[in-house]
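Worth knowing before you read on, the calculation uses all heavy atoms, side chains too, and leaves out hydrogens, waters and symmetry mates.
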Amino acid sequence: MIRLSVFCFSMIAALVLSAEANAQNLLFDADQFGNINLEFRQSSSGDQYEAILGNTAKFEPLITYSADSALRRLSEAIGRLDVRHGSRGMETCTASVVSSSLILTNYHCVPGLGNLGPVTAAQLVMGYYDQADTSTVRRYTVSPVPVEANRTLDYALLRVSENPAARFGTIKILNEDPKPGASLLMFHHPAGYPKHVTRSGCRVAGNYKANTDKILHSCDTLPGSSGAPVFAEFGRGVLGLHYAGPGSLGPGQYNSAKRMVRLLAASPGLRINQNFSQPLVPESSQAELSESAKLRNACDGGSAYDCAVLGYKYATGEGVSQSYVQAVPYFRRGCDGGEAWSCTNLGFRYENGQGVTRNYAEAARYYRKACDGGSAIGCANLGILYDNGRGVSQNYAEAARYYRKACDSGDAKGCANLGSLYAEGTGVTKNYAEAVRLFRNACDAGYVEGCADLGVRYDNGQGVTRNYAEAARYYRMACDGGSAIGCYNLGRLYEYGKGVTRNKTQALRYYRKACNGGDQISCDTVRELQ
């Protein structure tokens, strides 16, 4: 079976879970309120909160990026919210500017849950990137009485003075849900420190389903990150409001963010004040360079991330004239600078001859570099080259190794392709039960071909008890998601009345859908049945 590689639209890295406990913040002395740089208490045991960021935190200080970088610009409307509880102490959260007079944060930050008494004062600290140079910082008074608050959805809209939006802009909120496994970005003030970004391992849970108030995510956080906006890949806009983590962490555990879809439905203030087509741009950025020019300047200044983003824009034609030739050198600079997802995109250009002469060996080289750097899609695509014998000697065992690495890092297609090898007994010992497990993982993560493959196992009784009704259910899921094979197989069940009531009209409907999806056998079947 020929398996096809994936164009990496997003940044994929190793899974890292949060260190944040459920809705918990660090407590500072009350007299710290009003300070920019906060000092942690030292306990008598010698434990120092100064080391709380540690060496394993998977977020980066934004001061390491130039002021013109895409990440710095995207983060401008996000600040630290300092909350004082009289003489009992001060906590910090993260908040976002949503209009000229409103900010968005968690309910458990303000008005709070009452465990420390009422909030007596609050202030917003904006432009805080560097402990050594606070000249860019601005402080704004915040009313501790919410304009709007919802404890269940854990959000609050607070009145802020002096229009911080004029200087720092506003966030853009998306009225949509993320896909399972999708990459995310988060800007926050962990432990009250200067602003950081979480990119590595920051993604939606693979088994996420939009049937509750929350989005499960693996973005690394700390106390103080509560209220941080969770951005879609490439910062397209905000999908969620981070509010909690599981505390004691283990496999399969995630942080939680409230879905912006739910907040928008519940909040008149957000609906009235949020411009969904375009966020408010800071005055200091208006009438200046175009977005692509800013990215180019930041790339030239050494930001590998901005180089990679500019490559993505040229590859997709987003805001610039589409040009693979233009995209390739920026992907190369991003890859050379350590952005693994940029290496994946560069490998994809070589594999498909987009902007460069097709060269499978070069594609394999860049996919390997991407995989070694933590790109799950890079691992999956390298597995596909080994599977098909392109640019490398065909080696099913190596294909299985890279598919497994991709699958373990959360790539659904890697799981599905590894499942196919187990179903075929190629490169691994044939094992239908393991194939079923992998196909189910892929299907649960939203990869529709995994659902189609799972349907086949129920259809044939391979690794599971034969069950045509279950086969029909998974074929339907696949077909609804755009799988031509899923539609064909569902049509076949309707044609012969297996797991569904026999219905020629329905069979023709699904065969036509499969035909329109490019399946020639379905086209031939339509002609025969009409």
Side-chain angles (χ1 to χ4, degrees), residues 1-15 179-183 200-201 203 206 233-234 308 311-312 315-316 324 327-328 330-332 334-336 338-422 424 426-428 438-439 441-442 445-450 453:
M1 177 187 295
I2 297 294
R3 289 179 251 276
L4 302 178
S5 298
V6 180
F7 170 24
C8 175
F9 283 95
S10 55
M11 297 134 330
I12 305 293
L15 182 66
K179 294 180 179 179
S183 293
S200 177
R203 66 178 71 198
E233 65 271 73
F234 294 100
Y312 167 81
T316 60
Y324 293 129
V328 165
Y330 288 111
F331 281 140
R332 196 183 309 280
C335 178
D336 290 345
E339 293 290 345
W341 63 276
S342 195
C343 300
T344 299
N345 278 293
L346 186 56
F348 192 88
R349 303 309 136 204
Y350 275 106
E351 183 180 358
N352 293 279
Q354 295 175 337
V356 291
T357 301
R358 175 175 279 167
N359 187 322
Y360 291 120
E362 280 293 274
R365 184 168 76 89
Y366 283 110
Y367 286 151
R368 193 182 310 278
K369 188 172 182 179
C371 182
D372 291 343
S375 168
I377 295 178
C379 296
N381 287 354
L382 182 57
I384 289 167
L385 292 186
Y386 274 110
D387 202 342
N388 298 329
R390 289 177 172 171
V392 291
S393 298
Q394 190 170 50
N395 187 322
Y396 295 119
E398 280 293 274
R401 184 166 78 89
Y402 284 108
Y403 288 154
R404 183 173 287 106
K405 193 170 182 179
C407 181
D408 290 346
S409 295
D411 183 74
K413 187 165 187 174
C415 294
N417 286 352
L418 182 59
S420 294
L421 293 186
Y422 273 106
E424 298 161 4
T426 306
V428 292
L438 291 163
F439 290 144
N441 285 350
Y447 184 60
V448 295
E449 300 302 343
D453 285 327

Closest contact, heavy atoms only, [X] versus [Y]:
X: Ala412; Y: Tyr447; result: CB-CB, 3.6 Å
X: Ala363; Y: Gly347; result: CB-O, 3.3 Å
X: Ala315; Y: Phe331; result: CB-CE1, 4.0 Å
X: Ala364; Y: Val392; result: CB-CG1, 3.9 Å
X: Cys415; Y: Leu438; result: O-CB, 3.5 Å
X: Gln354; Y: Val328; result: O-CG2, 3.7 Å

Do [X] and [Y] have side chains that approach each other closer than 4.5 Å (heavy atoms only, starting at C-beta)?
X: Asp336; Y: Lys369; result: yes
X: Asp411; Y: Cys379; result: no
X: Asn417; Y: Glu449; result: no
X: Glu351; Y: Tyr367; result: yes
X: Tyr366; Y: Cys335; result: yes

### Task
Would you kindly say whether Tyr360 and Asn388 are connected by a side-chain donor-acceptor distance under 3.5 Å?
no
### Query
Do Tyr396 and Glu424 have side-chain N/O donor and acceptor atoms under 3.5 Å apart?
no
Whether [X] side chain and [Y] backbone form a donor-acceptor pair below 3.5 Å:
X: Ser420; Y: Ala416; answer: yes
X: Thr426; Y: Leu421; answer: no
X: Arg358; Y: Tyr350; answer: no
X: Asp387; Y: Gly383; answer: no

#### Entry: Spatial distance of atom CG (Leu346) from atom CZ (Arg332) [nearest 0.5 Å]
5.0 Å
